[in-house]
Amino acid sequence: YSDDVLVGDTVRAEAPGNNRYYNYSLYRSTIQRPTRFSAIANSTAGGAVSGAGSFGPGTEVTLEAVADPGYLFLNWTGGASGNELTLQLVLNSNVTVSANFAPDLSDSDDDGVSNYIEATVYGSDPNRSDTSGDGIPDNLAIALGWNPLVGNAGLVSAVAENADSL
């Protein structure tokens, strides 16, 4: 059996146990060659994948992992592996891969609040220690029960000006 056998070709087959060979002509093909292959991409919470779909055999496919704010891309698992954001595949069969993401527990702006908490809980900018620009660091605004997206400089000034009367 060969994928290269076509209708009208002669096929040589050995009869089991008697060392005789017979020639057969193939009149009807039962070989179904796929005309499309699927690149299926799943993702864990915290991101998405672009580039998946149905493609012709031998097509080079690029899948890209895109992390949500507050998350990091970890790796690809399943039918392919790697830890780069983009994954190159040549489709000669169906393939299913998963992009894995995890919370970003680093603190890019050194304000004491993780990138994950800033992005997913408060919506503040994990790259700016004072998202609102009011002079009050995000971690202090959060500790005071204030919204780090709202400027509170006026309130702080009013309290400072009236500190003696409080």
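At a threshold of 4.5 Å between non-hydrogen side-chain atoms, the residues Val49 and Trp76 count as touching. Contact check for Thr120 versus Tyr71: side-chain heavy atoms found under the 4.5 Å cut-off.
Sorted by first and then second residue, the ring pair (Phe, Tyr, Trp, His ring centres under 6.0 Å) pairs with a member in residues 43-69 form an empty list; sequence neighbours excluded. Within the structure, ring pair (Phe, Tyr, Trp, His ring centres under 6.0 Å) contacts touching residues 129-151 (residues at least two apart or in different chains) do not occur. Residue pairs satisfying the side-chain hydrogen bond (donor to acceptor under 3.5 Å, both in side chains) criterion with at least one member in residues 109-118, sequence neighbours excluded, are listed as follows: Asp104-Asn115, Ser106-Asn115, Ser108-Asn115, Glu118-Ser124. Sorted pairs that involve residues 120-139 and meet ring pair (Phe, Tyr, Trp, His ring centres under 6.0 Å), not counting sequence neighbours, are lacking altogether.
Residues meeting the side chain to side chain contact (heavy atoms under 4.5 Å, CB included) test with Glu84, sequence neighbours left out: none. Contacts of Asn75 classified as side-chain hydrogen bond (donor to acceptor under 3.5 Å, both in side chains), with partners at least two apart in sequence or in another chain: Asn100. With sequence neighbours left out, Val66 forms a side chain to side chain contact (heavy atoms under 4.5 Å, CB included) with Glu64. Partners of Asn92 under the side chain to side chain contact (heavy atoms under 4.5 Å, CB included) rule, at least two apart in sequence or in another chain, are Val90. Applying the side chain to side chain contact (heavy atoms under 4.5 Å, CB included) test to Asn42 and every residue at least two apart in sequence or in another chain returns Ile40, Thr96, Ser98.
Scanning both residues, Ala67 and Phe73, for their nearest heavy atoms gives CB-N, 4.1 Å. In plain terms, the two heavy atoms of Leu63 and Ala41 that are nearest each other are CD1-CB, 4.4 Å. Annotation for Val113 and Asp107: closest pair O-OD1, 3.0 Å, computed over non-hydrogen atoms. Across Thr131 and Pro148, no two heavy atoms sit closer than the pair CB-O, 3.9 Å. Scanning all heavy atoms of the two residues, the minimum distance from Ala119 to Pro69 falls at CB-C, 3.6 Å. Closest heavy-atom contact between Leu91 and Ser38: CD1-C, 4.3 Å.
To the nearest 0.5 Å, the span separating OG1 on Thr62 from CG on Leu87 amounts to 8.5 Å. In this structure, Leu144 CG and Ile136 CD1 are separated by 7.5 Å, a value rounded to the nearest 0.5 Å.
Using a 4.5 Å cut-off between side-chain heavy atoms of Ile, Leu, Val, Met, Phe, Trp and Tyr, with links allowed through other members, Val121 and Leu105 fall into the same hydrophobic cluster. Ile117 and Leu149 end up in different hydrophobic clusters when Ile, Leu, Val, Met, Phe, Trp and Tyr side chains are linked at under 4.5 Å. In the hydrophobic cluster analysis, where Ile, Leu, Val, Met, Phe, Trp and Tyr join through side-chain heavy atoms closer than 4.5 angstrom, Phe101 is grouped apart from Leu74.
Judged by distance alone, with hydrogens and angles left aside, the side-chain atoms of Asn139 form no donor-acceptor pair with the main-chain N or O of Ala143 at under 3.5 Å.
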